[in-house]
Amino acid sequence: MAPIAPNAPSTQPADPILVSFPDQDELSKHLADFVIKILGKNIIGRPEVRWDKWQVFFADERLVPLDHEDSNFRLCNDELFSKVPELKRSQIHTIDVSQLDDAEELSDEYEKQLRDAFAGKESVRHPVFDLILLGMGPDGHTCSLFPGHELLAERTRWVAPIEDSPKLPLRRITLTLPVLEKAHRVVFVLSGKEKAPTLAKVLEDETKSLPASRVRPTPPGDVYFLCTDDSASETKYKRTEWKL
Ligand SMILES: O=C(O)[C@H](O)[C@@H](O)[C@H](O)[C@H](O)COP(=O)(O)O
């Protein structure tokens with residue numbers, strides 16, 4: 001067995017970075033700056049968003065038409081995409097609604113969209129996202145990966161169907177843990193006191209029993225928890241001062 005070089009990079013996932021802000025407005029402002037820094041281009045000290053470079057995928061999606069009130073695309077479209085004409089519809093990867101009746105086929109087709117977008121990159125064994133933004137439910141679920149569900153054990157597929165979601169609607173597709181683990185940066189965005197006990201568990205529970213606590217990107221990836229103070233009120237986990 002070859003000895004490990006003393007300066008060899010760690011293969012252990014880095015500790016999560018917890019940053020807490022007084023309220024949602026502060027959180028949103030700093031999150032926007034962070035996204036611009038990561039996905040923008042620094043032009044003479046002034047970061048600018050290069051919208052033409054973006055490829056947007058959904059961490060999970062409900063199997064409903066794109067204009068349905070349960071659609072994650074619809075929510076993002078109303079709040080962001082429709083306000084950014086520079087971001088072309090072809091850069092936003094949505095589910096194939098002609099396959100809504102067949103979750104397996106639809107999931108495979110979404111994985112194919114991912115494979116095509118990442119084709120030619122060194123990372124083709126896994127997609128390596130620059131940034132994945134996630135929420136976390138009060139039960140500790142993230143994407144559509146729910147506590148105790150067999151999909152937590154999925155290691156082969158990049159995208160998987162779920163038809164027995166404990167949170168309605170029942171039928172969805174979701175990115176799998178291996179994809180989350182390969183990302184450069186995963187950012188959980190949390191607000192509200194109802195998330196506080198779960199966040200404490202996710203950050204402090206060594207057993208990693210909850211889906212959100214299983215999201216630990218491999219080096220050099222990082223996972224951030226950007227929260228409002230009420231969400232972070234029950235955890236003793238160390239805070240990091242926010243610096244861009
Ligand atoms: O489709 C879904 O249900 C979501 O993708 C889910 O993973 C969400 O991120 C969490 O439930 C947190 O949601 P909130 O941030 O709205 O509480």
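Just so you know, residue 1 is the first one in the sequence shown, and it goes up from there.
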Can a donor-acceptor pair be found, under 3.5 Å and without considering hydrogens, that links the side chain of [X] to the backbone of [Y]?
X	Y	value
Arg74	Asp67	yes
Thr176	Arg157	yes
Ser231	Gly192	yes
Arg185	Asp130	yes
Thr218	Glu181	yes
Gln91	Lys88	yes

When you compare the side chain of [Y] with that of [X], does any pair of heavy atoms fall below 4.5 Å?
X	Y	answer
Phe146	Ile162	yes
Pro169	Leu63	no
Lys195	Pro138	yes
Arg125	Lys182	no
Pro147	His141	yes
Trp158	Arg115	yes
Lys201	Ser213	no
Arg216	Lys208	yes

Distance in Å, [X] [atom1] paired with [Y] [atom2], rounded so as to fall on 0.5 Å steps:
X	Y	atom1	atom2	answer
Asp15	Lys238	CG	NZ	4.5 Å
Leu152	His149	CG	NE2	8.5 Å
Ser144	Ile173	OG	CD1	9.0 Å
Arg50	Ile36	CZ	CD1	14.5 Å
Ile17	Glu241	CD1	CD	13.5 Å
Leu66	Asp96	CG	CG	9.5 Å

(message) Does the plane of the ring in His30 sit parallel, tilted or perpendicular to the ring in Phe21? Use 30° and 60° as the thresholds.
(response)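 Parallel: the ring planes of His30 and Phe21 meet at under 30°.
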Out of curiosity, does [Y] fall in the hydrophobic cluster containing [X] (side-chain heavy atoms, cut-off under 4.5 Å, transitive links)?
X	Y	value
Leu75	Phe81	no
Val223	Leu131	yes
Val35	Leu244	yes
Leu133	Leu80	yes
Leu100	Phe58	yes

Closest non-hydrogen atom pair between [X] and [Y], with its separation:
X	Y	result
Arg172	Lys167	NH2-O, 3.3 Å
Asp139	Thr198	C-CG2, 4.1 Å
Met136	Val202	SD-CG2, 3.9 Å
Leu134	Cys143	CD2-SG, 3.6 Å
Gln113	Thr94	NE2-O, 3.0 Å
Ala160	Leu151	CB-CD2, 3.5 Å

(message) For Val186 and Phe129: C-alpha separation, side-chain torsions, deciding distance, then whether side chain to side chain contact (heavy atoms under 4.5 Å, CB included) applies.
(response) CA-CA 9 Å; Val186 177; Phe129 280 99; over 6 Å; no
(message) Show, in sequence, the C-alpha distance, side-chain angles and deciding distance for Asp205 and Leu210, and conclude whether the side chain to side chain contact (heavy atoms under 4.5 Å, CB included) test is met.
(response) CA-CA 9 Å; Asp205 176 15; Leu210 293 176; 5.6 Å; no
Mark yes when over 12 heavy atoms from residues, nucleotides or ligands other than [X] sit less than 6.0 Å from its [atom1]; otherwise mark no.
X	atom1	answer
Glu150	CD	no
Lys112	NZ	no
Gln24	CD	no
Asp101	CG	no

(message) Pair Glu109, Leu106 - check side chain to side chain contact (heavy atoms under 4.5 Å, CB included), show working.
(response) CA-CA 5 Å; Glu109 195 281 335; Leu106 185 145; 5.7 Å; no
(request) Please determine which of Trp54, Tyr110, Phe57 meets the ring-ring contact (aromatic ring centres under 6.0 Å, His included) test together with His93. (result)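 Exactly one pass, corresponding to Phe57.
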(request) Decide side chain to side chain contact (heavy atoms under 4.5 Å, CB included) for Ile95 and Phe73; before the verdict, give the C-alpha distance in whole Å, the side-chain angles of both, and the deciding distance to 0.1 Å. (result) CA-CA 9 Å; Ile95 55 171; Phe73 166 78; over 6 Å; no
(message) Out of the candidates Glu104, Glu163, Glu61, only one should pair with Arg171 under the salt bridge (Lys or Arg N to Asp or Glu O under 4.0 Å) rule; please name it.
(response)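 Single salt bridge (Lys or Arg N to Asp or Glu O under 4.0 Å) partner of Arg171 among Glu104, Glu163, Glu61: Glu163.
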(request) Tell me yes or no: between the side chains of Thr228 and Asp23, is some donor less than 3.5 Å from an acceptor? (result)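 No pair is found: no donor N or O on one side chain lies under 3.5 Å from an acceptor on the other.
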(request) Taking the six-membered ring for Trp and the single ring otherwise, decide whether the centroids of Tyr237 and Phe225 are under 6.0 Å apart. (result)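 Between Phe225 and Tyr237, which both carry aromatic rings, the centre distance is not below 6.0 Å.
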(message) Out of the candidates Asp60, Leu145, Leu114, only one should pair with Leu175 under the side-chain contact (heavy atoms from CB on, under 4.5 Å) rule; please name it.
(response)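 The side-chain contact (heavy atoms from CB on, under 4.5 Å) with Leu175 is passed solely by Leu114 among Asp60, Leu145, Leu114.
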